[in-house]
2 protein chains.
Amino acid sequence: MRKGEKTRERILDIAETSVLQKGFGATSIDELIAEAELTKSGFFYHFSDKNALARALLQRHLERDDEILDDLFRRARELSDDPLHALLIGLKLFSEMLGKLQDGHPGCLVATYCYHERLFDREINELNASGVQNWRQRFVDIFEKIHEKYEPQDEVEVEALADMISTVVEGGIILSKVLKDPKVLADQVLLMRSYVKLLYQPKTVN
Amino acid sequence: MRKGEKTRERILDIAETSVLQKGFGATSIDELIAEAELTKSGFFYHFSDKNALARALLQRHLERDDEILDDLFRRARELSDDPLHALLIGLKLFSEMLGKLQDGHPGCLVATYCYHERLFDREINELNASGVQNWRQRFVDIFEKIHEKYEPQDEVEVEALADMISTVVEGGIILSKVLKDPKVLADQVLLMRSYVKLLYQPKTVN
DNA sequence: CAAATTTCTGTACCTAGAGTACGGTTTTCA
DNA sequence: TGAAAACCGTACTCTAGGTACAGAAATTTG
């Protein structure tokens, strides 16, 4: 039972890299099993078909992503009781983490899958949407706590504000990947942070 | 010479839709020629191979995109001589345009191609990067003019600021597509606009 | 209108990869 | 040690990318 898990993870690792670099349609099973040193029968023992692989890939990706964000913003809350300051610290930590990635961010499966929607069944597309809604809820919770203490300098919906973090990360990953410059992504998160700062900063005398 | 162009455009139209919905690897030539009512020989008369199709697709996409942005911000400049106000108007127009798209934004080839990099030759990847740098230059020009008249409320690099527009659009497209909600993209552009507003707003008494 | 050019069609063929089926073998673990 | 888990080998089907080439039909141009 344990060895099977190991092989399964190895396949998923190789598949994730390939999918992020070539797209799902161009990721061949033959190539995966060659790199995983496995036979085709071995592959189909773990995944009934390519769709099952896609589902497992996304599930694992969303779980890991959740863990990273949990950990990050938990650490941020430990550094400040104030919800606004905690978010600002969290975004700073996030930016630093992204900037430190050698070879840049490998990419996000949610983004790839959204550009493959006609390839997957409804279940996978719904899983993908639930991932985005999960991000939204996470940040809505944070912004609602901030709104209890601070008044925004502009009319904004909390949901749009929450989505902006996901937006900036997804968009930043794309720009960083295309330009082959990890700094772009880190800078974009800092700009998002700058917006949050200005938005909740009390008006001051010039 | 004119009929060939028409067929070529028809192929590109069908291919673009397919690539944005299923990815490049899963877009089959057989399917394209079936929908375009053409034979395989006819396809290869226009494109030497799939890579040539990819290149033509991206070229056309970038040209069209450029025209749309040229037109949009030209109209915005006609409505205000002030560079800041012109940008704010342009972003408003942009948001409205994106919100009006029935069925939502079809997607951006730059984003898709970035998640297919290993599939394409260097030329295509460089073309993709030049597209992003083109956007950067466009908005850097705008922000530099703004900086001549206004002082930002936070330390920001013009390049990062310029990139933020592309970032928000690319990220917004993804969230909108995944959630099947065109409003998300329009709202994200408005939030970007809100940031620009706050960033250059002179400090006022509370 | 006729010639030249462009724009395709038809056929035949090669190769790789997705996926199925299934019997057998080895490895792992309780 | 024995059952279950984790594979291997083989053989086959089908779809798709891509090549090659001969020629037909449509279109444009002189």
Side-chain angles (χ1 to χ4, degrees), chain A residues 1-58 60 112-113 115-121 123-124, chain B residues 1-58 60 112-113 115-121 123-124:
Chain A
M1 280 176 186
R2 216 174 57 249
K3 200 199 167 200
E5 277 295 311
K6 242 176 101 181
T7 305
R8 196 183 140 95
E9 288 293 308
R10 199 168 70 245
I11 296 172
L12 288 174
D13 284 339
I14 298 167
E16 181 160 356
T17 303
S18 178
V19 168
L20 290 173
Q21 288 179 349
K22 311 198 300 180
F24 190 78
T27 295
S28 79
I29 295 179
D30 281 2
E31 184 199 312
L32 297 182
I33 62 178
E35 211 176 323
E37 289 175 330
L38 190 79
T39 60
K40 195 175 270 195
S41 317
F43 174 86
F44 283 106
Y45 171 77
H46 290 286
F47 305 100
S48 60
D49 56 7
K50 242 187 149 187
N51 236 280
L53 173 69
R55 196 178 310 118
L57 221 46
L58 183 57
R60 197 183 66 151
T112 320
Y113 278 38
Y115 279 108
H116 283 88
E117 47 157 345
R118 283 257 170 276
L119 219 59
F120 302 130
D121 54 40
E123 196 188 333
I124 293 183
Chain B
M1 281 175 185
R2 219 175 52 251
K3 192 183 172 219
E5 277 294 311
K6 242 177 100 181
T7 306
R8 197 183 140 96
E9 288 293 309
R10 198 168 72 245
I11 296 172
L12 288 174
D13 285 340
I14 297 168
E16 182 160 354
T17 303
S18 179
V19 168
L20 290 173
Q21 288 180 350
K22 312 197 301 180
F24 190 78
T27 294
S28 80
I29 295 179
D30 282 0
E31 184 198 310
L32 297 182
I33 62 178
E35 210 175 325
E37 288 175 330
L38 190 80
T39 60
K40 194 177 269 193
S41 318
F43 174 87
F44 283 106
Y45 171 77
H46 289 285
F47 305 100
S48 61
D49 56 8
K50 240 189 152 188
N51 236 280
L53 173 70
R55 196 178 310 119
L57 221 46
L58 183 57
R60 197 183 68 151
T112 319
Y113 278 37
Y115 279 107
H116 284 88
E117 49 156 344
R118 283 257 170 277
L119 217 59
F120 302 130
D121 53 40
E123 198 189 333
I124 293 183

A.B. asks: I want to check one thing: is the phosphate of D/dA6, taken as OP1 and OP2, less than 4.0 Å away from some side-chain N or O of A/Tyr45?
C.D. replies: yes
A.B. asks: From the set C/dT6, C/dT9, D/dC8, return the single nucleotide nearest to any side-chain atom of A/Thr39.
C.D. replies: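 My answer, after comparing the listed nucleotides, is D/dC8.
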A.B. asks: Could you work out, with side chain to side chain donor-acceptor pair (under 3.5 Å) as the rule, every residue matching A/Thr27, not counting sequence neighbours?
C.D. replies: A/Ser18
A.B. asks: Please give, in whole Å, the distance from D/dC7 P to A/Ile11 CD1?
C.D. replies: 8 Å
A.B. asks: Tell me every residue that passes side chain to side chain donor-acceptor pair (under 3.5 Å) with A/Arg10, counting only those two or more places apart in sequence or in another chain.
C.D. replies: none
A.B. asks: Could you tell me the separation between the CZ atom of A/Phe47 and the P atom of D/dC7, rounded to a whole number of Å?
C.D. replies: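 Distance, rounded to whole Å: 11 Å.
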A.B. asks: Under the salt bridge (Lys or Arg N to Asp or Glu O under 4.0 Å) test, which residues partner A/Arg60, sequence neighbours left out?
C.D. replies: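 Residues passing salt bridge (Lys or Arg N to Asp or Glu O under 4.0 Å) with A/Arg60: A/Glu9, A/Asp13, A/Glu16.
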A.B. asks: Write out all pairs satisfying ring-ring contact (aromatic ring centres under 6.0 Å, His included) with one or both partners inside residues 23-43 of chain A, taking only residues at least two apart or from two chains.
C.D. replies: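 Passing the test, one end in residues 23-43 of chain A: A/Phe24-A/Phe120, A/Phe43-A/Phe47.
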A.B. asks: In whole angstroms, how far is the P atom of D/dT27 from the CD atom of B/Glu5?
C.D. replies: 15 Å
A.B. asks: Show me the donor-acceptor pairs within less than 3.5 Å that the side chains of residues 30-40 of chain B make with the rest of the protein, sequence neighbours left out.
C.D. replies:
residue : atom : partner : partner atom : Å
B/Glu31 : OE1  : B/Lys22 : NZ           : 2.6
B/Thr39 : OG1  : B/Gly42 : N            : 3.3

A.B. asks: What integer distance in Å separates A/Lys6:NZ from D/dC7:P?
C.D. replies: 10 Å
A.B. asks: Does a side-chain N or O of B/His46 approach OP1 or OP2 of C/dC8 to a distance below 4.0 Å, or not?
C.D. replies: yes
A.B. asks: For a quick check, with a 4.0 angstrom heavy-atom cut-off, what is the B/S/- contact string for nucleotides 13-20 of chain D, read 5' to 3'?
C.D. replies: ---SBBB-
A.B. asks: Kindly calculate the angle separating the two end axes of the helix from C/dC1-D/dG30 to C/dA30-D/dT1, each obtained from five base pairs, and round it to 10 degrees.
C.D. replies: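 Angle reported: 40°, given to the nearest ten degrees.
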A.B. asks: The criterion is side chain to side chain contact (heavy atoms under 4.5 Å, CB included); which residues satisfy it with A/Asp121, sequence neighbours excluded?
C.D. replies: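 Listed in chain order: A/Asn51, A/Arg55, A/Glu123, A/Ile124.
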A.B. asks: Measure CD1/A/Ile33 against C1'/D/dA6 and give the value in whole Å, please.
C.D. replies: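 Answer to the nearest Å: 15 Å.
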